[in-house]
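Quick notes on the structure that follows.
Being a predicted model, the structure only gives us computed values, none of them experimental.
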Amino acid sequence: MTSGRAGGEVVGNGADTLTVASLNVCCGVRNTLHPLRERAAEICARIERMNADVVNLQEVWTPGLLAFLRARLPSHPFLARRPGLLGQPAGGLVAFSRMPLRSAVYRSFRSTRAHRGGLLFRAGAAAGAALQGVLTYELAGRRTVVGNTHLTANHDGDWSPGNRHEALQRAQVAAVHEALRRARRSDTRLSFLVGDFNAPSSSGLYRAIVDGGTWRDPFAAADLPTFQTALLPDGARAHRVDYVLVQGSPEHHPVTGTDLFLAEPVPMRSGPAAYVSDHLGQLVRVGVPEAAAD
């Protein structure tokens with residue numbers, strides 16, 4: 001479902017640049033952060049100030065949170081999501097945009113399976129996978145497709161070959177790429193693949209995530225963690241597990257800038273500064289020729 005609020009002003013960064021952002025807002029039940037709505041208000045305030053054209057969010061698990069976010073993102077009046085059984089965004093995935101969106105499709109990971117581990121683990125993994133998936137949509141009139149995803153977490157923290165999570169995550173990565181292939185039209189010129197992949201850039205799954213180099217990874221050189229180190233147990237290492245990937249001619253669609261946001265504690269109304277998510281946000285600017293906006 002794609003929609004825009006009546007009367008919303010649609011603005012952007014200009015015909016020559018497209019700015020796409022991604023953030024896991026941390027709506028899960030297990031965290032030590034401030035109350036969700038207090039954090040969500042600060043997230044929205046930061047998004048409104050940073051002038052991104054399209055913002056992709058993960059873990060928007062309730063219709064109440066969706067409505068709360070939407071009311072606080074007035075400069076992003078267009079929405080892409082598919083409704084779940086209770087009215088929540090399917091897979092917790094949603095995109096807010098300054099420009100019209102269309103052709104939103106959600107594909108669940110319910111068919112993906114873990115092939116290792118005990119019966120209880122495999123049953124739990126299957127149940128969790130059924131709640132996650134990939135959302136694809138188009139930027140209307142921009143010849144651009146976006147995929148927003150959230151893969152099942154590997155709570156073992158072990159991404160070595162043969163780990164009990166590996167087959168499950170690898171199948172989900174394959175499902176993501178298939179969804180993007182289906183979403184593209186014959187005139188698509190630019191694609192973005194974003195989200196929380198729950199697999200670090202140092203793992204063997206990374207090559208599958210970038211599809212053997214088919215996708216450009218603008219954050220590869222710096223390779224900075226996207227999980228807050230301060231929120232990990234003592235001695236644990238933070239990884240880059242979130243990605244904003246780009247597919248399209250580097251000549252016609254060069255990456256002109258990258259940034260991380262919400263990397264530092266934010267002043268909170270109920271107390272001292274604190275992190276608003278356990279993840280850092282990512283933002284990528286890509287050049288867009290005038291003809292691509294026809």
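Side-chain atoms of Q282 and T226 include no donor-acceptor pair closer than 3.5 Å.
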Chi angles and distances behind the side-chain contact (heavy atoms from CB on, under 4.5 Å) call for L23, L262: CA-CA 9 Å; L23 174 70; L262 294 171; 3.7 Å; yes

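With hydrogens and angles ignored, the 3.5 Å screen pairs a side-chain donor or acceptor of Y106 with a backbone N or O of G133.
For the pair F96/V54, no side-chain contact is recorded, criterion being any heavy-atom separation below 4.5 Å from C-beta on. Side-chain contact between N51 and T19: absent, with no pair of heavy atoms (C-beta onward) separated by less than 4.5 Å.
Of the candidates V284, D242, L224, F219 forms a side chain to side chain contact (heavy atoms under 4.5 Å, CB included) with just one, namely V284. If you run ring pair (Phe, Tyr, Trp, His ring centres under 6.0 Å) between F197 and each of Y243, W215, W159, Y206, only Y243 comes through.
With respect to the salt-bridge test (charged N to carboxylate O, under 4.0 angstrom), the residues R240 and D217 qualify. With salt bridges taken as basic N to acidic carboxylate O contacts below 4.0 Å, none links R143 and E138. With respect to the salt-bridge test (charged N to carboxylate O, under 4.0 angstrom), the residues E178 and R182 qualify.
Ring-plane geometry between W61 and H150 is classed as tilted, the angle between the planes lying from 30 to 60 degrees on a 0 to 90 degree scale.
In this structure, F121 has its ring center closer than 6.0 angstrom to the ring center of H165.
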